[in-house]
Amino acid sequence: MAEEKQFVISNPKISDSSSKLIFGDKILSSQFFRDYADMEILRNIQPEDVEDVSERYVPLYSTERESDTVKKVDISRYLPMKDKENQLNLPLYIISLIEHKTKVEYNVGMQILRYMIYIWEDYEKEMDKQHPGISSRKEFRYPPILPIVYYEGDRKWTAPLNFSDRILCGELLGKYLPHFEYQLVRLHDYSNADLLEKGDEISLAMLINKIQSPEDISAFVRLPGEQVCEILKDTPQYLLDTIAKLLRALLYSMNLPEDETESVVSRIKERKMARLFENVKIDIQQERKNIAEVKKEYDDTKKKYDDTKKKYDDTRKKYDDTRKKYDDTRKKYDDIKKKCNAVEKEFEIYKQINRMIRNHCPESEIKNYLMEQYSLTDEQAVQEYEKVMRE
């Protein structure tokens, strides 16, 4: 039996906005690195170690990539190095590149590689600006870059994790190809219980981002309020506001009345998560009906578009066929006309030569006249004259 298609209620713009809110915050970013980045050195990272440098790199690409973030994570106090290991006294940090995806994109490896090259080139220029010629020294090293793809879609991620897998016949070149993997953090690999077990604000933000279907809404409503309240016990007010914004965007996307939405949002700000949805009715069946209506409208519109496109394609084919017939007919006409013109010209030359012969014009005069009047060469004029004389 084929798997029933699950209707999605979120939209990419809301997801992009949510991603900006989450990864634009130092506390949430540091929690994300501690909980989900597959690097031991990041297990104790604190908010003060994280610097957002997205403005320096992301605008290089299209506005569609604005939800991507680039973080500079200071690891100097977690990775002490001996003088001989860092002779140039370079700054110790990791660049974390977080690509935000709501659907599978098979060219993500190339997107990441472009970012990495640009980041390293920018670092080289910056170091040379501070210390002229430092990048050409033997001891110079580039900062490590940790590429992470944060994927919110509910479908399986089927794009290759290693960049070299996107190279045709890559096995022929082996080690001579660029080999790197990005870390995939797939939101739907974590259950609600897994996320709550982390016990920090990023888990709550990801729970909100995880909502994409009526079933997700129902599961979110059943979250143990006491456990969530414990998470928010010491949360800074500004961070409560950020989480409230995430939830507000979600509820508005569900068409929840404004007064009920603001009532729910205010409870987050007041840390009253145990009564979050008190007196609020989320009608799952109505949501299904709304989604079904939107899907039907989409399907109807798409069918009209497909029908119109088919008519256009058929009409265009008829036009192309007719145009080809016209072009073939016009070519035949032009060839016949060209032959007729040649025959008319030859007949005119014939009449003129005969007229001049009857008038006893010398041969040289006849040839000169033909050359001037009909643009013939000397040889052609002789041929035309001799042709008449032979008759």
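With sequence neighbours excluded, the residues satisfying side chain to side chain contact (heavy atoms under 4.5 Å, CB included) with K72 are E51, V53, Y93, I95. Under the rule for a side chain to side chain donor-acceptor pair (under 3.5 Å), N368 has no partner lying at least two apart in sequence or in another chain. For E348, there are no side chain to side chain donor-acceptor pair (under 3.5 Å) partners at least two apart in sequence or on another chain.
Formation of a donor-acceptor pair under 3.5 Å by the D68 side chain with backbone atoms of H100 is found in this model. Proximity of a side-chain donor or acceptor of N354 to a complementary backbone N or O of K351 within less than 3.5 Å is not detected. A distance-only check finds a donor-acceptor pair linking the side chain of R186 to the backbone of R155 [under 3.5 Å]. Side-chain atoms of W157 do not come within 3.5 Å of backbone N or O of V104 as any donor-acceptor pair. No donor-acceptor distance shorter than 3.5 angstrom exists from the side chain of N359 to the backbone of C361, with no hydrogens or angles considered. Of the possible donor and acceptor atoms, none in the side chain of S164 sits under 3.5 Å from a partner among the backbone N and O of P178. Using modelled atom types, no side-chain atom of Q31 and backbone atom of D200 make a donor-acceptor pair closer than 3.5 Å. Within the 3.5 Å criterion, the main-chain N or O of I134 finds a donor-acceptor partner in the side chain of D128. In terms of modelled atom types and a separation under 3.5 Å, the side chain of K210 and the main chain of Y190 share a donor-acceptor contact.
Shortest non-hydrogen contact noted between Y118 and R56 is CE2-O, 3.8 Å. Between S54 and T69, the shortest heavy-atom distance links the atoms OG-CA, 3.3 Å. N107 and R166 get closest at one heavy-atom pair: OD1-NH2, 3.6 Å.
Around CZ of R137, the count of heavy atoms belonging to other residues, nucleotides or ligands within 6.0 Å does not exceed 12. Summarising the local packing, OH of Y238 is surrounded by more than 12 heavy atoms from other residues, nucleotides or ligands at distances under 6.0 Å. No more than 12 heavy atoms of other residues, nucleotides or ligands sit less than 6.0 Å from atom NZ of K245. Dense packing is recorded around CD of E171, with more than 12 heavy atoms of other residues, nucleotides or ligands lying under 6.0 Å away.
Neither side chain, Y123 nor S135, offers a donor N or O lying under 3.5 Å from an acceptor on the other. For Q130 and E126, the side-chain atoms include at least one donor-acceptor pair closer than 3.5 Å. A donor atom on one side chain and an acceptor atom on the other are found under 3.5 Å apart for N209 and E152.
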**Report entry** Test side-chain contact (heavy atoms from CB on, under 4.5 Å) applied to I22 and L246, step by step
**Finding:** CA-CA 9 Å; I22 292 174; L246 294 176; 4.0 Å; yes
Requested in this report: Mind running side-chain contact (heavy atoms from CB on, under 4.5 Å) on D25 and E201 for me, showing each step along the way?
Outcome: CA-CA 11 Å; D25 182 81; E201 289 87 355; over 6 Å; no
Requested in this report: Check the pair I167, L173 against side-chain contact (heavy atoms from CB on, under 4.5 Å), reporting the backbone distance first and the verdict last.
Outcome: CA-CA 10 Å; I167 305 297; L173 295 181; 5.8 Å; no
Report task. Determine, step by step, whether I148 and F32 satisfy the side-chain contact (heavy atoms from CB on, under 4.5 Å) criterion, reporting the C-alpha distance in whole Å, the side-chain angles of both residues, the deciding distance to 0.1 Å, and the verdict. Result -> CA-CA 11 Å; I148 299 175; F32 180 80; 4.2 Å; yes
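Only one option out of K337, K338, R330 pairs with D334 in a side chain to side chain donor-acceptor pair (under 3.5 Å); it is R330. In summary, of the residues considered (K317, K318, K311, K310), a salt bridge (charged side-chain N to carboxylate O under 4.0 Å, His left out) with D314 occurs for K310 alone.
Outside the 6.0 Å centre-distance limit, the rings of Y36 and Y150 are not counted as a close aromatic pair.
Here E384 does not pair with K367 in a salt bridge; the nearest charged N to carboxylate O distance is not below 4.0 Å.
In this pair, F140 and Y142 present their aromatic rings perpendicular. The plane angle is above 60°, beyond the 30 to 60° band.
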